[in-house]
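Here the structure comes first, spelled out in structure tokens, and everything after it is commentary.
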Amino acid sequence: MKTRDANITDVFFDLDHTLWDFEKNSALAFETVFKMQDISINRTDFLSYYVPINFKYWEKYRKDEITQKDLRLGRLKETFDLLEFSIDDESILFLSEQYIHYLPKYNHLFEGTIEILEYLNLKYNLHIITNGFAEIQENKLNNSYITHYFKTITNSEMAGVKKPNALIFEYALGLAKAKKESSIMIGDCLEADVQGALDAGLDAIFFNGNNKVVAEDIKQVNHLLELKKHL
């Protein structure tokens with residue numbers, strides 16, 4: 001069923017887990033860092049713990065329950081503890097810095113990213129709204145050669161708040177010179193991207209790459225190219 005909205009002029013994308021394949025790139029960054037530091041941990045075992053722990057810590061960070069340092073130390077410390085791998089906090093923070101350094105050097109995008117950006121770029125003004133750290137997100141965009149598709153890039157450091165706070169959407173709209181009535185947000189997080197945008201007065205589409213069961217009234221796509229049905 002086609003549900004195109006003729007009033008839309010501006011399309012806002014989340015970056016991580018929506019266009020930029022965070023899990024794949026993250027796994028490669030850890031593989032590089034562990035090899036460099038001669039850390040003998042099975043990558044599959046490590047990631048099976050780290051991925052959900054990282055998600056939990058980002059949720060806390062999004063809600064301002066922890067600091068950036070807490071995020072970077074805690075997610076690794078908890079993972080190493082579960083693996084019963086002995087390492088001190090100073091070494092963990094060094095590994096974290098190395099991981100952050102190498103993470104944007106990998107540039108795998110979700111299938112269909114370039115094609116959908118090429119398609120949408122001819123019809124709409126495209127933008128990014130991300131909770132990620134400014135320098136890292138900029139490097140991700142540049143290294144994956146998609147920066148030029150976006151008129152504006154809003155991150156939580158610029159806005160002073162994180163999604164789902166309505167203020168970051170208002171900041172992004174102001175930067176884009178866009179109206180909320182003619183804007184739509186696309187992202188992988190129901191709370192931060194979808195509900196956050198809806199609460200701020202924008203329309204929203206859930207990028208449901210993992211086929212989660214969601215309410216029927218939520219606009220969703222399972223593959224980026226399905227956005228052509230909506231836009």
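Residue numbers count from 1 along this sequence.
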Whether [X] engages the ring of [Y] as a cation-pi pair (distance to the six-membered ring centre under 6.0 angstrom, angle to the ring normal within 45°) should be assessed.
X	Y	result
Lys60	Tyr57	yes
Lys180	Phe169	no
Arg75	Tyr99	no

Looking only at atom types and distance, does a side-chain atom of [X] sit under 3.5 Å from a main-chain N or O of [Y], one as donor and one as acceptor?
X	Y	value
Gln98	Val33	no
Asn7	Ser182	no
Thr154	Ile129	no
Asn165	Ile168	no
Thr147	Leu141	yes

Please say yes or no: joined through hydrophobic side-chain contacts below 4.5 Å, possibly via intermediate residues, are [X] and [Y] part of one cluster?
X	Y	answer
Met185	Phe150	no
Leu227	Leu15	yes
Tyr145	Ile114	no
Val214	Leu198	yes
Leu76	Leu28	no

Decide yes or no on side chain to side chain contact (heavy atoms under 4.5 Å, CB included) for Asn208 and Ile218, but give the supporting numbers first. CA-CA 11 Å; Asn208 192 3; Ile218 294 175; over 6 Å; no
Taking every non-hydrogen atom, the tightest pair across [X] and [Y]:
X	Y	result
Glu191	Pro164	O-CB, 3.4 Å
Lys228	Glu115	NZ-OE2, 3.2 Å
Phe110	Thr18	CD1-O, 3.4 Å
Ala204	Lys219	O-CB, 3.6 Å
Asp88	Ser91	OD1-N, 2.8 Å
Asp188	Phe206	O-CE1, 2.9 Å

For [X], is the [atom1] atom crowded, meaning more than 12 foreign heavy atoms sit under 6.0 Å from it?
X	atom1	answer
Glu23	CD	yes
Glu59	CD	yes
Lys179	NZ	no
Asn210	CG	no
Gln68	CD	yes

Any heavy-atom pair between the side chains of [Y] and [X] that's under 4.5 Å?
X	Y	value
Ile186	Leu231	yes
Arg43	Lys35	no
Phe207	Val221	yes
Phe80	Ile41	yes
Phe12	Leu173	yes
Leu103	Lys140	yes
Pro104	Glu138	no
Leu175	Met158	yes

For the [atom1] atom of [X] and the [atom2] atom of [Y], what is their distance to the nearest 0.5 Å?
X	Y	atom1	atom2	result
Leu73	Ile66	CG	CD1	10.0 Å
Gln220	His230	CD	NE2	8.0 Å
Thr113	Ile146	OG1	CD1	6.5 Å
Phe22	Asn54	CZ	CG	5.0 Å
Asp14	Thr130	CG	OG1	6.0 Å
Ile116	Leu126	CD1	CG	9.5 Å

Let's go through Phe46 and Phe85 carefully: what are the C-alpha distance in whole Å and the side-chain angles of both, what is the deciding distance for ring-ring contact (aromatic ring centres under 6.0 Å, His included) to 0.1 Å, and is it a yes or a no? CA-CA 10 Å; Phe46 173 82; Phe85 184 87; 9.4 Å; no
Step through it carefully: locate the ring centre of Tyr50, locate the ring centre of Trp58, and say whether they are under 6.0 Å apart.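 They do not qualify: ring centres at least 6.0 Å apart.
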Are Phe133 and Tyr61 close enough that their ring centres sit under 6.0 Å apart? yes
Cut-off 3.5 Å, side chains only: do [X] and [Y] have a donor facing an acceptor?
X	Y	answer
Thr67	Asp70	yes
Gln137	Asn155	no
Asn131	Ser156	no

Check this for me: does any side-chain nitrogen of one of Lys151 and Asp10 sit under 4.0 Å from a carboxylate oxygen of the other? no
Go through the steps for Leu19 and Tyr149 under the test side chain to side chain contact (heavy atoms under 4.5 Å, CB included), then give the verdict. CA-CA 12 Å; Leu19 300 175; Tyr149 289 109; over 6 Å; no
